[in-house]
Structures are given as C-alpha cells and as structure tokens.
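Here the structure comes first, spelled out in structure tokens, and everything after it is commentary.
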Amino acid sequence: MTENQSPDKKKIILSGIQPTGVFTLGNYIGAVRNWGKLQDDYQCAYFIANAHAITVRQDATKLRQQTLQALALLLACGVDPQKSLVFIQSHVPAHFELSWVLSCFTQFGELSRMTQFKDKSAKNADNINAGLFTYPALMAADILLYHADLVPVGVDQKQHLELARNVASRFNGLYGDTFTIPDAYIPQVGAKIMSLSEPTKKMSKSDENQNGCIYILDDPDTLMRKFKRAVTDSDACVRYADGKDGINNLMTIYSIATGRTLEQIEAEFSGKGYGDFKLAVGESVVEMLREVRESYTRLIADKAYLEDVYKSGAEKARTISARTLSKVYRKVGFLQ
Ligand code: ATP
Ligand code: LTN
C-alpha cells in the first residue's frame, strides 16, 4: 500500500462499509461478497466507516456494538485479516485530516449534485448537517490515503467515486503527482439489489420496512417468509424484462446464489408459477448465507480476537496513511 508504481506489484483495492446495522443481501451481493474473492490477486484494505455513519444521528452505545458487529460480519463474509488490511475508520486520524484538505479542493456545486445527499436530506429533513454534505470528501480521503487503484462498491456509490477521481486529478494538476486516480469496480450482475416489497427502491440497511430487506443474519424461516411475500407482477411468467422489477430482482439474486444464467433460470421455471420460483430463490439464499451465519456466531463470541484484529489493523493503517498525509501537507504549504 505504498505507492504502487512497479509493474509486477499487485494493484491496490480499498473499500468501506458503514456500521449502520446488519448487512443486507444488497450489501453482500453488491459489495462485501466480492471483497474476500479479491484478496489473493490484489493488495486489499477494508474498513468500517463509522465516521460516515454519524452523518445520520446514531445512538452511541448502539453504534459501538454495530461497529464490532460489522467487523465480525466482514470476517464472516470472507475478509481475512491475514491477507487484507482491516481497520476501523475512527482509529486512523489521517482520514479526518486529509478530508479537511480535500474539502478545500471540492466545490459546493459538485457536492450539491450528489444524489445520496439529496436522498438522505429528504429522509432526515430535521438534520441536514454539514457532514452529510461533505461526506464525499471524507470518502475521497479514505481512498486516496492508501493509493487505491480500484474501489469495489455497488452502483449507488459510483457518483462518489467520480467525485474522488475529480478531486484527485485537480490536486495532482495543481501540485504534481500526489494521488493515484481510483477506478470504481462495480459487479456486472447485482450492483443494485432492490427491496423485495418495493422493487423500484434500493434494498437498504436503514429501510424501516424490514419485510423488503433481507439481512444476512436472518434465520432460514425468516428468509423464506420474506421471499414468499416478495412483490412480483401479474404476468405469471419467470422471464427477465422491462417493467418486471420484482421478478428481475429475484432472478438476479437467484442467478448469483446458484451461478445459473438468466436464460437457464427462464428455462428451469418455464411453465411453473411464481410460488415455486420464490421458494427456490429463498432456498438458494438460505444456502448461500448458511456459512456466513455460522462463522458470524463464532466470531462475535470472540471479542479478544476481534480486538486484536482492529488494533493491529489500526497500527498498520496509521503508518501507511501518515505517509500520504505528510506529503499532502508539504505540497499545500503547511510548515513541517
Ligand atoms: P445505509 O442504509 O445505512 O445508507 P446501505 O445499506 O446503503 O446503508 P452502505 O454501508 O452505504 O449500505 O454500503 C455498503 C456497500 O454496499 C456499498 O458498496 C454499496 O454500494 C453497497 N450496496 C448498498 N446497498 C446495495 C444494494 N441494494 N445493492 C447492491 N449494493 C449495495
Ligand atoms: N460511502 C460508502 C462507504 C464508504 C466507502 C469509502 C466505500 C466510505 N468510505 C471508501 C468505498 C471507499 C457507502 O457504502 N455508503
């Protein structure tokens, strides 16, 4: 995670997730599930974005618990601290320090165009705080501190990535080569998993409607109940087509859980009803998540191990990030 110029060096991957609750099937399919798979081919860094989480009001005790839970979930989903750098954002002060500098190179107009800001302002009309607005500058700092080449995220984060690229290029243009320009790494299938009850809306951890949202720790009965209730259409034919948002979403999920293509799925369910299809999707997700739930139960019981992981991660992350920060401070003219 030093500057990565030699051609035989592995590329650097970095991503983060907010500790705002149990991860959803959307978080899993769109992002976290892929993180473990990248660890052998890339130099990876994954972190819990607890500083981003407080842009929306959080209960302190709950946030602490959810931060540890998010760490255990990350590991249960296949992130291995022996292979990847794993840490908690607030343990690494350089994120906040660089964020300030970058916010001075980010325009009001750019931040105003962010759809996540608009969505979250609408949802939290009584708390449209400055942190919610400058959220992407902190996210750019997260990425640029570690010279990430690729950032694996769901499609909803693409706009923030674009902004990080623009800020990095702007800074490099003014002060010479400082930051690596990161690329988004978005899965071709499943980059946006929709709510089961409102399939035109993104499945989201913080959604009040629990029935539309699959949590990766849901027990098999709960999973099956939610899939049975999933909203579909009156066409009664399992095929992927415009306007069939509910079925398209279920087909995407089933395709990822079973490795089958959309054509194979259409053939498998030709002549069968939605009832059979929903049962099959439910069962495939129960299977896909079985191991995650089992590993999580083991990990969350071992607080000493989790503490070791985040302490040693913090130490490494502080060393790497301090180097980038000091370079930036020099470039902008802060007296050493
Ligand atoms: P919150 O509801 O608290 O805003 P969230 O569920 O949207 O949270 P984040 O922590 O913001 O989740 O996102 C973590 C990762 O999961 C990001 O890479 C994001 O792109 C991805 N992601 C979130 N929701 C989905 C979804 N429905 N489909 C695919 N990927 C998703
Ligand atoms: N904004 C992201 C979480 C996040 C992130 C990052 C992702 C914070 N910093 C850096 C990738 C790289 C989200 O998922 N809502």
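As a basis for the values below, the full set of heavy atoms in this structure was taken, side chains included, without hydrogen atoms, waters or symmetry mates. Sequence positions, counted from 1, serve as the residue numbers for this chain. From a predicted model like this one, the values you see are computed outputs, not experimental measurements. Just so you know, ligand 1 is whichever comes first in the structure, and atom 1 is the first atom listed for that ligand.
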Practice item. Please confirm whether Lys272 makes a cation-pi placement over Phe269, using NZ or CZ under 6.0 Å from the six-membered ring centre and within 45° of the ring normal. Key: yes
**Study point:** Asp233 side chain to Ile247 backbone, donor-acceptor under 3.5 Å
**Key:** no
Check your understanding: Side chains of Gln66 and Thr20: is there a donor and an acceptor less than 3.5 Å apart?
Key -> no
Review point. Looking only at heavy atoms, which two atoms of Ser284 and Ala257 are closest? And how far apart?
Key: OG-CB, 3.5 Å
Check your understanding: Considering only heavy atoms, which protein residues lie less than 4.0 Å from any atom of ligand 2?
Key -> Leu14, Ser15, Gly16, Gln18, Phe47, Ala49, His52, Tyr135, Met139, Asp142, Ile143, Val151, Val153, Gln157
Check your understanding: Only one of Val86, Leu14, Leu38, Leu85 clears side chain to side chain contact (heavy atoms under 4.5 Å, CB included) with Cys44; which?
Key -> Leu38
Practice item. Check each protein residue for a heavy atom under 4.0 Å from ligand 1 and list those that pass, ordered by chain and number. Key: Ile17, Gln18, Thr20, Gly26, Asn27, Gly30, Ala31, Lys120, Val153, Gly154, Asp156, Gln157, Gly190, Ala191, Lys192, Ile193, Lys202, Met203, Ser204, Lys205, Ser206
Exercise for review: Name the orientation class of the two ring planes belonging to Phe105 and Tyr175 (parallel below 30°, tilted from 30 to 60°, perpendicular beyond 60°).
Suggested key: perpendicular
Check your understanding: Cluster partners of Ile54, using ILVMFWY side-chain heavy atoms under 4.5 angstrom, listed by chain and number?
Key -> Leu63
Practice item. Answer yes if the side chains of Gln39 and Asp80 hold a donor-acceptor pair under 3.5 Å, and no otherwise. Key: no
Point to revise | Pairing residues for Asp242 by the side chain to side chain contact (heavy atoms under 4.5 Å, CB included) criterion, not counting sequence neighbours | key: none
